[in-house]
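Order of the sequence lines sets the chain letters (A, B, ...), proteins ahead of strands, with each chain counted from 1. All values below come from the heavy atoms of this structure, side chains included, with hydrogens, waters and symmetry mates left out.
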2 protein chains.
Amino acid sequence: MHSQNLINVITDALPTLNKSETKVAQVILSDPDAATRSSIATLAKKSQVSEPSVNRFCKRFNAAGFPDFKLKLAKSLASGIRFVNRNVNPDDDVTSYTPKIIDSTINTLALVRDKISHVRVNQVVDKLIQAKRIYFFGLGASGSVARDAENKFFRFNLPVSSHDDVLMQRMLASTGGAGDVFFVISHTGRTKEVVGVAEIARSNGSTVIGLTAANSPLADMCTLTLDVDVPENTDEYMPMASRIVHLVILDVLATGVTLRRGPDFLPHLEKIKNSLKPTRFPNED
Amino acid sequence: MHSQNLINVITDALPTLNKSETKVAQVILSDPDAATRSSIATLAKKSQVSEPSVNRFCKRFNAAGFPDFKLKLAKSLASGIRFVNRNVNPDDDVTSYTPKIIDSTINTLALVRDKISHVRVNQVVDKLIQAKRIYFFGLGASGSVARDAENKFFRFNLPVSSHDDVLMQRMLASTGGAGDVFFVISHTGRTKEVVGVAEIARSNGSTVIGLTAANSPLADMCTLTLDVDVPENTDEYMPMASRIVHLVILDVLATGVTLRRGPDFLPHLEKIKNSLKPTRFPNED
DNA sequence: ATACTTTTCGTAATATTACTACATTAAAAG
DNA sequence: CTTTTAATGTAGTAATATTACGAAAAGTAT
């Protein structure tokens, strides 16, 4: 449901426009930003047409009127600029690469927000709630994601551990069984070792949940997967956005588990929080 | 120059506003999209103030007037950021808590994007470039952030390690000296152990960089800090966004270092990437 | 408290801006 | 050439926004 960029729509419609509409279109396209700031009178003058012509032009593009048109144009500009400028160039300086990287992460998260399957999330929460034991597995960058997940889920008062050692993973997978949940994190879903471990766990009757790419070998091996398709463009040389997405999805899952546990569980979380107080300098305010 | 998101600006200014301005702000924040579509008269009525009050409100936020304000607001909305009621309620289901958590993370990132000091980022990149050795330190949730940083920075071909063991941290801090960079990650900046370690490192002539809260005890102890003021979550159900922010800032720093190294360095990164190929199932497309 | 100052806010007049109805012109069809 | 239809503009009207000014409220100092 990504609404089409208004500027593209106008450009596409250009050949079908009549004389005065074309004039208006050209003026708008030549400087869309200026158009958003000008009144119908000034725009009419610039285009050398009458004001009603401009108004008709706006209505032709499904706007209620000129002000509404300007609004839509402004929105197109705002979202467009962010989309185009996503890549970091070799000659970028701090002031440009910093927002670019953050924007790119934001965009990816927005994408995931709109695409993630709520049904699937619910199913995974189900499995996690029922688990007698949870293992988080990951290698490389996903290793620290797994570790973060452990740090989050141990609070639920059940045996949780994270592992980034393949041999350890293999051994644990082979000793697991019903009631054990193996939560396997992998950006590509194609790492042979990881897929192998998932296969072992699965064949022993454990539940295997994958946080990984859709339709990957790992995904095929899992009881249940949370598909994440992160566009690769920023991850040219090192994983970036995918880790973040994985972490946020784990946040979502943890929240899901907390909510299912109900309000009686909150004092327990509070207790964990308070246990850290003596390790800290008191807050002055 | 990156213009700050108008909605954040308004939210931040909320405490400094007077009675009628507050009314207007609340109405706008409760449904910013509706605000962009309404006239000054309807907005005034909704806020139960006069039209000039709305107008003054707009000018206060550096808009030429009401229409200009609407335009800026629309642009802010279009940047992919949704501002819903950010808190998760006990009776939320998947379809509501999932977007809430992701939106809240996005919102935090957008805030950091607009507030982070580029000068400071540059200074930190300077230090990292010059480092003979880098240690990433963190405890708890910051432990996995430190580990992720190690995974990222080892690619730059210099001795990097991450540690989440306080004793290890102390020992390393005491043996360090000029040329060593201790990169200390802490959300609160108030954990006694961490501050102590930073102090030891500092007193031995090492460079200590803090990724932590501004004006915290840890920040005071550092050679250089990257201040991150993530609104502390009082809500039980909301996960910490600070980890995510820390990770993204480390992405920014890694990018900064890569760019400084120049294009000659890219083959090296390529080599690391390729080294993983044999561990993966080939991609079918 | 009281008078004085400053800030806040609304009324009403005015200016700006956008829209509509209708007239005119241009183009197309017969 | 008409006649018809589409395209465009004019002028009036409606709507929307802004300004100037003054009243009320809040704050200060005496």
Undergrad: Would you indicate what B:V54 reaches in the nucleic acid, counting non-hydrogen atoms under 4.0 angstrom: base, sugar-phosphate, or nothing?
TA: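 It contacts nothing in the nucleic acid.
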Undergrad: Counting only non-hydrogen atoms, which of residues 22-36 of chain A are less than 4.0 Å from DNA chain D?
TA: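 Nothing qualifies; none.
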Undergrad: Under 4.0 Å from OP1 or OP2 of C:dC9: is there any side-chain N or O of B:S50 that close?
TA: no
Undergrad: If I compare all heavy atoms of B:R190 with all of B:V195, which pair ends up nearest, and what's the gap?
TA: C-CG2, 4.5 Å
Undergrad: Can you name the nearest heavy-atom pair linking B:S20 to B:V49, along with the distance?
TA: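 That would be CB-CG1, 3.5 Å.
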Undergrad: Mind checking ring pair (Phe, Tyr, Trp, His ring centres under 6.0 Å) for B:F66 and listing every partner two or more places apart, or none if nothing turns up?
TA: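 Not a single residue meets the ring pair (Phe, Tyr, Trp, His ring centres under 6.0 Å) criterion with B:F66.
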Undergrad: Can you find a side chain N or O atom of A:S53 that sits less than 4.0 Å from OP1 or OP2 on D:dT8?
TA: no
Undergrad: Considering just the side-chain nitrogens and oxygens of A:N18, establish if one lies under 4.0 Å of OP1 or OP2 belonging to D:dT8.
TA: yes
Undergrad: Taking only residues two or more places apart in sequence, or in another chain, which ones meet A:N55 in a side chain to side chain donor-acceptor pair (under 3.5 Å)?
TA: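 Partners of A:N55 by the side chain to side chain donor-acceptor pair (under 3.5 Å) criterion come out as none, since no residue qualifies.
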Undergrad: Would you give a per-nucleotide map of nucleotides 14-29 of chain C, 5' to 3', where B means the base has a protein non-hydrogen atom under 4.0 Å away, S means only the sugar-phosphate does, and - means neither?
TA: ---SBBB------S--
Undergrad: Between the side chains of B:K115 and B:D227, is the shortest nitrogen-to-carboxylate-oxygen separation below 4.0 Å, so that they form an ion pair?
TA: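 A salt bridge is absent here (no side-chain N lies under 4.0 Å from a carboxylate O).
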Undergrad: Tell me every residue that passes side chain to side chain donor-acceptor pair (under 3.5 Å) with B:D33, counting only those two or more places apart in sequence or in another chain.
TA: A:K75, B:R37
Undergrad: Can you measure A:F57 atom CZ to D:dA6 atom P for me and round it to whole angstrom units?
TA: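 My rounded result for the distance is 21 Å.
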Undergrad: For A:L17 and D:dA7, what is the distance between atoms CG and P respectively, to the nearest whole Å?
TA: 11 Å
Undergrad: Mind jotting down which residue pairs meet the salt bridge (charged side-chain N to carboxylate O under 4.0 Å, His left out) criterion with at least one end in residues 49-70 of chain A? Sequence neighbours excluded, please.
TA: A:E21-A:R60, A:D68-A:K72
Undergrad: Would you say the rings of B:F183 and B:F137 are close, in the sense that their centroids are separated by under 6.0 Å?
TA: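 No, the ring of B:F137 stays outside the 6.0 Å limit from the ring of B:F183, centre to centre.
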